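Note on naming: letters A, B, ... go to the chains in the order of the sequence lines (proteins, then strands), and numbering restarts at 1 for each one. Just so it is clear, the structure is predicted and the values come from calculations on it, not from any experiment.
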Amino acid sequence: MDHIQTMSTNITLPEAFTTTAHHISIYFQKLIQLIEFIPGGAIIIRYIKSSHKNDPFRTFLELILVIFAIRYFTTKRYESKKRGFVKLSEKEVKELVDEWEPEPLVLPVTAKEQWRLDAIPIVEKPGYDSKLKLQETSQSLVNLASVNFLNLSNDEQTTAEAKRIIRQNGVGACGPPNFYGNQDIHIDLEQNICKFFGVEGCVLYGQDFATTQSVLPSFLKRGDYVIADAGINISIQKALLLSRANVTYYNHNDLNHLEDILKEFDEEVYKYEKGPIPRKFIVTEGLFANTGDIPYLPKLIELKTKHKYRLFVDETLSIGSLGKSGRGVSELFGIPVTQVDIIVGSLATSLNAAGGFCIGDHVMTYHQRIGSLAYCFSASLPAYVTKVASTVLHIIDSNKNEKGESQILSSLHSKISAFYNLISKDQPLSKLITVTSSPESPIVHLQLNSTIRTALGLPASYTGIGSEIGRRNKLGISDKFIEELNNEEKLLQYIINLVKSRGILITRSTFTISQESLAVLPHLKICINDGVSKDELTNAFNVIKSEVTTALTGLTADGFQNL
Amino acid sequence: MSRYITEVDLSFLSKEDKKENEFGALTSQEYRYKTVSRNGKPLPDPIEDEPPYYVYIITYLNYLILIIVGNIKDFLGVTFRPSVHKDLLQHDGMAPWYSMFESFYIRRMKQKIDDCFARPTCGVPGRLINCIDRDAHDYNSYFTYPGTISTCLNLSSYNYLGFAQSEGVCTDESINSVDVYGVGSGGTRNTVGTTDLHVKVEKTIAEFIGKDDSILVSMGYATNASLFSSLLDKKCLIISDELNHTSIRTGVRLSGCSVKSFSHNNMAKLEKLLQEQISQGQPRNHRPWKKIVVAVEGLYSMEGTMANLPKLIELKKKYKFYLFVDEAHSVGAIGPKGRGVCDYFGINPKDVDILMGTFTKSFGAAGGYIAASQEIVDRLRLDLNAQNYSEAIPVPVLTQIYTSMKIIMGDINPGEGAERLERIAFNSRYLRLGLQRLGFIVYGVDDSPVIPLMLYAPAKLPAFSRMLYRRKIAVVVVGYPATPLPSARVRLCVSSSLTKEDIDYLLRHLSEVGDKLFLKFSSGIAGGSLDGSKPRWNVDDVIRETPRDCKDPRFFVGTAFESKES
């Protein structure tokens, strides 16, 4: 057998060898001819020929290099990343696929949580006026729940303008701002806002909650530094998460703590930074959505100037409600709006429309028109919405006295302070609840008194560092139901229902609790509306006081369980 | 000459003219086409036409020159004229708003052609669009407005069914609702933002889509941006099509889950990835994923392609993942009954776990929705950020959504919805086949109302846009970074409001511009020719033959194969 095989190879090999060699040489000739066709190809061929003549070994080496390069570029690059990859046979993969059972997409709402769905009020016509009607009750209720503080939703002027623009422009804008979606009315509002605040630029967004989330990440990148208040709302938390910047929190509204951190960073961190200066931001809110208090802006301005930071202020709730003519927290402290580097405001609160906006200098706002994702990749606001906002700005500014106080805001402010005085100075009530909001805030926040919370066995915070939700998020546990939180919120809803039965609608804070990364506690919220008279407010205070007292006096941990 | 825009007075238009400008009357019953449901049949693999190689060379060369010149300008500018380039330099110990590198594309490329973007308009963006004329100064650093307007044929707005109107039942109802409910939204949905109309519209959407219930969100982008955090956590995996919209990517990043992507519409790669991920589990610890969600778009707005839903459903049954379909562009515009991709493919909507969509496009309103089973919707109502923190949709917008949806369903003005659907189907097919026959390379599925026409070289973007603007046609040109670097394109959005004669006008001008800018280089493999020759039809022949041919599946390459098979 061996002999025969050797025989056959002896005969065929030279033949095969010569024919292959012949073919190779023909193709090689053709290849050379082809290369010569390419402009400059002849030069390459001449170079290779002459170098080969001088040094055949070099040609061989270069050939190996070429082969190595081709191999290097064609092998899959990510292979090195798949370090933990376990090689499995096809059968094993099939078994694993068959075996895998996913968790349900969401956990069903349990019987214990059902009350939350049932508690969402459904408003009927005439919408958000000073009196509103709910589907469940036939009587109309005093509206202390909605955030259109200036009560211009059913105003003659705003509705007339809205109707006129719908008749002229239709409803939708049908396109993103960069592609024919910006109409004369949109640009008019941007110009009006610029004039109103005395700033260089303004950019409109489709939703207030999405505005901050998109503005901050367009300037903050990996390697930048943010020092933020530990009480900021979830929209800013998400914005900072998206930006991938280094975030440090200072204690809520504690500007001394902020100063310490700034000093420490100057000495410990920036000194050792190589390369260009990183972008540095101080991030806070004009009126805190979670607690209703106001930061002391003059100190913030002083600190940011001294330590070379930029200041970002989320004025979602404060524009149109704080300051003698509604310019927000800067006006409240008598500081020019231009001192704050980025201000984000809402068109959906006092301005009575929908959407959000960002104001600041020209360079910053211009960059957003291509760098900000929620601006570039979403449709413009409906034209009539922007007209409504323009009209409200006009209403605010049209009735100003010689001191620059807007009439409509003065009226709102006097109501806020009257109500605040009643509720914060009431001794018996202060034993049951704590008012966390500032005297100027249009939303009065009430929190269960800490002694009561301790007596009921409630934790200091449900979210944030060291909390139960924090623990579950860290471990990736899907179930986020917390008995105590459920009970506390149920108690607040119980109070709301009692107040509602006496003709007044107030509300409470609602959270997506699993996503709050900072400490929050549930609050009762009373939103002062300019359309509500002072007498009605006094009455509302009495009702709230008596119902809070009924609900909380003598409440034990056991009774609390059985609400 | 003003540097500011004030509200433009359009009252000189008579009511009849206005109506015709917003929605052209149908000129013949011939110009309608009823989309055929695919009855569960998956789409064949798309055939993509490639331009000659020198087009790519020119394109890359184009970018290379722009980058080199831009960098030289940056260097010289920063060195010799720092006062002009203050925004790039640190001053007073503060970093600039953005780095030179980050903003290079905007400053040195986009700004040069800024006159083609963000053209201000006025009035209704319907069949015609009124663009406010402007003069650019100092390389588009600012504009002045001479006070005139150009009324252009509108191929730019997402007005698929032509509901952008200032006359008609939708507008009348919206105006009435202002009197009844006021203009504002009172707060977040879970505090007091919900009105009885919200509940009614949510039920109607659910009925329209074919799901148990739905949730309204006041902004389309924010719908996706807030959804995924409520579904997924770090022990979950999302598998996303590489061309998914930015809103999906933002939402996914916020949720903190693991992300894997597969090449656009490539079902074989998806299946391989699924096998790998299910068998390997989470990285490092190899524990099984808690859940896997596959996210795709119904109709890709930059490509005109559709998710291959029948194949996805088949994979879903095998691999037990959850399916999310973003119908932002397809709902209302696609399918025999306008119900989106499920309708088009003849798939039961119940087989898709979450159907998301927006109202900015087909419905002429604003906002978005999430439609799902009752169990999912109930949970999301409590746990969705958009429910807890962002404002509700104002009532006049809701009314527009409700009325337009009821028209499509045939409950209001029976017959009108069907006409709109059949007109957009005809217009899309006519324009697509017409362009293919003229020799342009167009992307996408035969029935897609989004028709991307390929330009490739970036310098052709402004040329194309300006030439068409002079010919009174408004188009959207898109380049990098919204598309891959070499494939700059113009995106034509077809609408029901266009008449057949409008498309004739468009084809004539596109043909001329295409000759001048050297854009007709299709090879015919992706459509326009049946014998494999390069299609270079004369525009008169196209206009004569195509309105009839476009109703015949034989002339569309994708479906032509199928009719041969059967």
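When side chains are defined from C-beta on, B/Tyr181 does not count as touching A/Ser153, because their heavy atoms never get closer than 4.5 Å. Between A/Pro102 and B/Trp289 the shortest side-chain heavy-atom distance does not fall below 4.5 Å. Residues A/Phe179 and B/Val478 are in side-chain contact: their nearest non-hydrogen atoms beyond the backbone lie under 4.5 Å apart.
Of the two parts of A/Arg369, neither the backbone nor the side chain holds a non-hydrogen atom closer than 4.5 Å to a non-hydrogen atom of chain B. With a threshold of 4.5 angstrom between heavy atoms, A/Ile165 approaches chain B through side-chain atoms but not through N, CA, C or O. Residue contact with chain B, scored on non-hydrogen atoms closer than 4.5 Å, involves the side chain of A/Glu516 exclusively. With a threshold of 4.5 angstrom between heavy atoms, A/Gln114 does not approach chain B through any atom at all.
In this structure, the side chain of B/Glu391 engages the main chain of A/Gly355 through a donor-acceptor pair within 3.5 Å. Put simply, the side chain of B/Tyr221 never gets that close to the backbone of A/Ala379: no donor and acceptor are under 3.5 Å apart. Between the side chain of A/Lys221 and the main chain of B/Tyr98, no donor-acceptor pair closer than 3.5 Å is present. A distance-only check finds no donor-acceptor pair linking the side chain of B/Arg381 to the backbone of A/Leu117 [under 3.5 Å].
Between A/Phe209 and B/Tyr389, a ring centre-to-centre spacing shorter than 6.0 Å is recorded.
Classification of A/Lys387 and B/Glu7 as a salt-bridged pair holds, one side-chain N sitting under 4.0 Å from a carboxylate O.
Residues passing the salt bridge (Lys or Arg N to Asp or Glu O under 4.0 Å) test with A/Asp155, sequence neighbours excluded: none.
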